[in-house]
Participant: 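A single structure is presented below for examination.
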There are 4 protein chains.
Amino acid sequence: MSSRKAAPPAPRRDPAATRDALIAAATAEFARMGFAGARVDEIAASAGVNKQLVYYHYGSKDGLYQAVLEAVYGALREKERALSLEDLPPAQAMAQLVGFSFDYLSAHPEFISLLSDENRQLGQHVASSQPVRRMHTPFVEMIDRTLQRGVAAGVFRPDYDAVNLYISMAGISYFYFSNRHTLSVIFGKRLDAKVALAQRRRHVVEFTLNALRPD
Amino acid sequence: MSSRKAAPPAPRRDPAATRDALIAAATAEFARMGFAGARVDEIAASAGVNKQLVYYHYGSKDGLYQAVLEAVYGALREKERALSLEDLPPAQAMAQLVGFSFDYLSAHPEFISLLSDENRQLGQHVASSQPVRRMHTPFVEMIDRTLQRGVAAGVFRPDYDAVNLYISMAGISYFYFSNRHTLSVIFGKRLDAKVALAQRRRHVVEFTLNALRPD
Amino acid sequence: MSSRKAAPPAPRRDPAATRDALIAAATAEFARMGFAGARVDEIAASAGVNKQLVYYHYGSKDGLYQAVLEAVYGALREKERALSLEDLPPAQAMAQLVGFSFDYLSAHPEFISLLSDENRQLGQHVASSQPVRRMHTPFVEMIDRTLQRGVAAGVFRPDYDAVNLYISMAGISYFYFSNRHTLSVIFGKRLDAKVALAQRRRHVVEFTLNALRPD
Amino acid sequence: MSSRKAAPPAPRRDPAATRDALIAAATAEFARMGFAGARVDEIAASAGVNKQLVYYHYGSKDGLYQAVLEAVYGALREKERALSLEDLPPAQAMAQLVGFSFDYLSAHPEFISLLSDENRQLGQHVASSQPVRRMHTPFVEMIDRTLQRGVAAGVFRPDYDAVNLYISMAGISYFYFSNRHTLSVIFGKRLDAKVALAQRRRHVVEFTLNALRPD
DNA sequence: CATGAATGAGCATTCATTCAT
DNA sequence: GATGAATGAATGCTCATTCAT
């Protein structure tokens, strides 16, 4: 039924490679089909490993799903950390962060699909993941410090709190991508067209900075 | 050994009532479980009707899902129309719209779940729905006119286009609700707490108006 | 793999016949393989019905197993009732009962296999079966009355209680059949040989009557 | 991405201890779950050894099961031999044997479960076990001699043969324990209650001696 | 002797859908 | 319009067994 099966068969007797192949295949399958729609059979086949290894290494479909969420969150936050926002002037740092968020979400539709589905399931897998919780502490602190620096320098309004500001900044990019299919129908316009994407990128940066700038 | 029974009395009901019950049950089930996770059996049972009626009235699980999407979109857009933004000064109209979006999404988590899942499926059901397409034409025009009025009156920046503006306005509310479970974990804070909600509502209105206001 | 599949395909659209065919097939399969070893696939196939009907009619493998136990217990107790022991003189009644038990167990090895397996599972299915409980009330009363009649007539010892007496009477036949394979190995002698069976039948009747007779 | 580790230190243990642990664990697991229901994984885990050792030491699940049967039969027959029935007067010897059988079965429910399951499987493991066959020769001879002594002394009826007599004596205890769960339901009375057990023990001894005593 | 990883067939159960009435 | 019975392809997961070290 499936004509993909891209990944080369995982080398035998290499458990780490087996796990890597499973996570990669599962990321794609869970994103494409959702947790409920994904098939363990399909994941194993496209990872080129025996299906039972899913259970050997991850215990269950849920365990694999949680491992996938940890992997994709980890990848995003690592790249974010690499932006070194602390070394930039506040406005520039914020512009960087907004732009990066947009580009990352644009390049990683599977991340959006996974998060959307996880939230429809009330975030149960993330809630029970210690790693996810842990990896976000430094991230929240970074946002907070950047906002404070901007307020202190008089370039940001003083009336936003870091959490709401971040959610707004992330939301204007996330919603564009997460709902691109229904929005495209509603507005009768392909949101993933090259021009539309470029225009949107400029918009989100400007919109955010305009909203941040004091009167 | 096997005993035959007389034909059971055929319990007849109002077909419109049957359809309404199915849509209501399906809306809840699809929102809670996603399209793939929802069970036709469960929907029929919770609607109190025979499973076969799903196929009689809607042809398939997909047909029912599409009918649900049309129903929830229709309900939202109807309420939006009732805001009569055209009769308000532009800034006030925009504030109204942002506040309404926030309140509606807050009150209708099932709408968010359905849209998220539909987008994960690449919007295939909405794409093939004529009604959905049709009901959005007046809505897009309304946004556009309100923006133009504000620009003409000098109270809005002239550099936003209506589509991007609407997506940003909607996105800062939508993302907050659609991703509330993962965001709550990340920020270590319940986003659905009463105080958090009130604070967020103020934030989205101010953030939008600040971004709209010319320098 | 299996070369049986004796039962003719159950006529379609006759639920009672479907259930009967399932019970018959399940009785044989559970007896031969035990609860854990039995395969739902095999049962459905040999009943000539769709596997899913097991779940439609009995809910689960456990539900089917319980229905089988009720069926085989019901069949035995019904035949026992037909003995009309109440109409016979006590000693003759007891001899009848012992002989009947021997013959029934001899003719129904599946009954023994089912009970043995059920007891290895701590009797959980029987314990939760109202029908099994109910059908035994008259049976216990019958044993009791027959014993009392014999004691009153001076032909039975007065020092046995009905429950223990019945268990002993049943046990000397049951154990012979239930453990015939290991006993055959131990004694180096086929217990199911015709001569051995006839000799055993005489033994169990005499042994019981000897034990009952007063000094 | 995949990191190789140095070979883990090989934890060596006494092979005899490994075998003993496996037999003990397997006895419990096979008794509780039956042959088909028992899990090799579970046995190895509860024995605290690597699963592969089951195959190293016993070849297969069947091989392990056979070893368990040999072990439990051996233990019983050894204790029986220790009764030294040959040194007692015949009636006393028979009473001893019956009482011992009752007590042993009462104390070893796993023995009953194993035999019941083995018989449901047509005794195939025992049939192919030379040790089981061998260990029973002296036992059968002992029963026979005791019976003959009693007949010669005029304290036993001359009309029983040793095999049938033994099966009856064993059966009245065995059946009580092997079917205690279903019998408890049928009679509405816990057969494993202390009082019931004491009463049953008296019953089986008296019932047997009464049946043996000449008129 | 002993271990962790891997295999392939199978297992109870589920599910969207259809049929006969 | 509506019902209970039936279907066939899966679906997540298990299990005895084997491999490589």
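By convention in this document, chain letters (A, B, ...) are assigned in the order of the sequence lines, proteins followed by strands, and residues within each chain are numbered from 1. Just so it is clear, the model here is predicted, and its values are computed rather than measured.
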Participant: Separation of Phe30(B) atom CZ from dC15(E) atom C1', in whole Å?
Facilitator: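 Going from Phe30(B) (CZ) to dC15(E) (C1'), I get 13 Å.
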Participant: I want to check one thing: is the phosphate of dC1(E), taken as OP1 and OP2, less than 4.0 Å away from some side-chain N or O of Thr18(D)?
Facilitator: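 No, no such contact exists.
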Participant: Select from Arg19(D) and Ala38(C) the residue whose nearest nucleotide in DNA chain E is closer to the 5' end of that strand.
Facilitator: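 So the residue in question is Arg19(D).
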Participant: Among dC11(E), dT3(E), dG4(F), which nucleotide has an atom closest to any side-chain atom of Arg39(C)?
Facilitator: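 Given the options dC11(E), dT3(E), dG4(F), the side chain of Arg39(C) is closest to dC11(E).
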Participant: If you assign Lys51(B) and Ala36(D) each to the DNA chain F nucleotide with the nearest heavy atom, which residue ends up on the more 5' nucleotide?
Facilitator: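 Nearer the 5' end of the strand: Lys51(B).
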Participant: Nearest-Å distance, CG (Asp41(D)) to P (dT3(E))?
Facilitator: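 Rounding to the nearest Å, CG of Asp41(D) and P of dT3(E) are 14 Å apart.
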Participant: For the pair made of OH in Tyr55(C) and P in dA5(F), what is the distance, rounded to whole Å?
Facilitator: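 Roughly 18 Å, once rounded to whole Å.
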Participant: Can a side chain N or O of Tyr56(A) be found less than 4.0 Å away from OP1 or OP2 on dA6(E)?
Facilitator: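 For dA6(E), OP1/OP2 do not have a side-chain N/O of Tyr56(A) under 4.0 Å.
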Participant: Is a donor from one side chain sitting under 3.5 angstrom from an acceptor on the other, for Ser129(B) and Glu70(B)?
Facilitator: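 Yes, a side-chain donor-acceptor pair sits under 3.5 Å.
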Participant: Could you tell me the separation between the CZ atom of Phe35(B) and the P atom of dC15(E), rounded to a whole number of Å?
Facilitator: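 Distance check: Phe35(B) CZ to dC15(E) P gives 13 Å.
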Participant: List in chain and number order the residues that pass ring pair (Phe, Tyr, Trp, His ring centres under 6.0 Å) with His125(B), two or more places apart in sequence or in another chain; answer none if no residue qualifies.
Facilitator: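 His125(B) satisfies ring pair (Phe, Tyr, Trp, His ring centres under 6.0 Å) with Phe35(B), Tyr65(B) only.
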Participant: For Arg32(A), is there any backbone N or O sitting under 3.5 Å from a side-chain donor or acceptor partner on Arg120(B)?
Facilitator: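 Yes; judged by distance alone, with no hydrogens or angles, the pair exists.
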Participant: Would you mind telling me which residue lines up with the more 5' stretch of DNA chain E, Leu53(D) or Gly59(C), judged by nearest nucleotide?
Facilitator: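 Its nearest nucleotide lies further toward 5', so the answer is Leu53(D).
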Participant: Could you measure between the two P atoms, the one in dA20(F) and the one in dC1(E), and give it in whole Å?
Facilitator: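 Going atom to atom, P in each nucleotide, I get 22 Å.
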Participant: Quick one: is dG1(F) close enough that its OP1 or OP2 comes under 4.0 Å of any side-chain N or O from Asn50(B)?
Facilitator: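 Checking dG1(F) against Asn50(B), no side-chain N or O comes under 4.0 Å of OP1 or OP2.
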Participant: Only pairs with both distances under 3.5 Å count, Watson-Crick or wobble alike; so what is the partner of dG4(F) in this structure?
Facilitator: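 Across any shown strand, dG4(F) pairs with dC19(E).
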Participant: Could you tell me the separation between the CE atom of Met33(D) and the C1' atom of dC15(F), rounded to a whole number of Å?
Facilitator: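 Atom CE in Met33(D) sits about 13 Å away from atom C1' in dC15(F).
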Participant: Calculate the interatomic distance between Glu29(B) atom CD and dA16(E) atom C1'; express it in whole Å.
Facilitator: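 In whole Å, dA16(E) C1' lies 14 Å from Glu29(B) CD.
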Participant: On DNA chain F, nearest-nucleotide positions of Gln52(B) versus Asp62(A): which is more 5'?
Facilitator: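 Residue closer to the 5' terminus by nearest nucleotide: Gln52(B).
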Participant: If I take atom CD in residue Glu42(D) and atom P in nucleotide dT14(F), what distance separates them, rounded to the nearest angstrom?
Facilitator: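 After rounding, the reported distance stands at 13 Å.
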Participant: Does the Asp41(D) side chain pair with the main chain of Lys51(D), one donor and one acceptor, at a distance under 3.5 Å?
Facilitator: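 Here the side-chain-to-backbone pair does not exist.
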Participant: Measure the distance from OH on Tyr58(D) to C1' on dC1(E) and round it to the nearest whole Å.
Facilitator: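 It works out to 14 Å between those atoms.
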Participant: Taking OP1 and OP2 of dG4(E), is either one under 4.0 Å from a side-chain nitrogen or oxygen of His57(A)?
Facilitator: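 Looking at the OP1 and OP2 atoms of dG4(E), neither is under 4.0 Å from any side-chain N or O of His57(A).
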Participant: Please tell me whether Gln121(C) and Asp117(C) have a donor and an acceptor in their side chains that are separated by less than 3.5 angstrom.
Facilitator: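 Side-chain D/A pair, Gln121(C) to Asp117(C): present.
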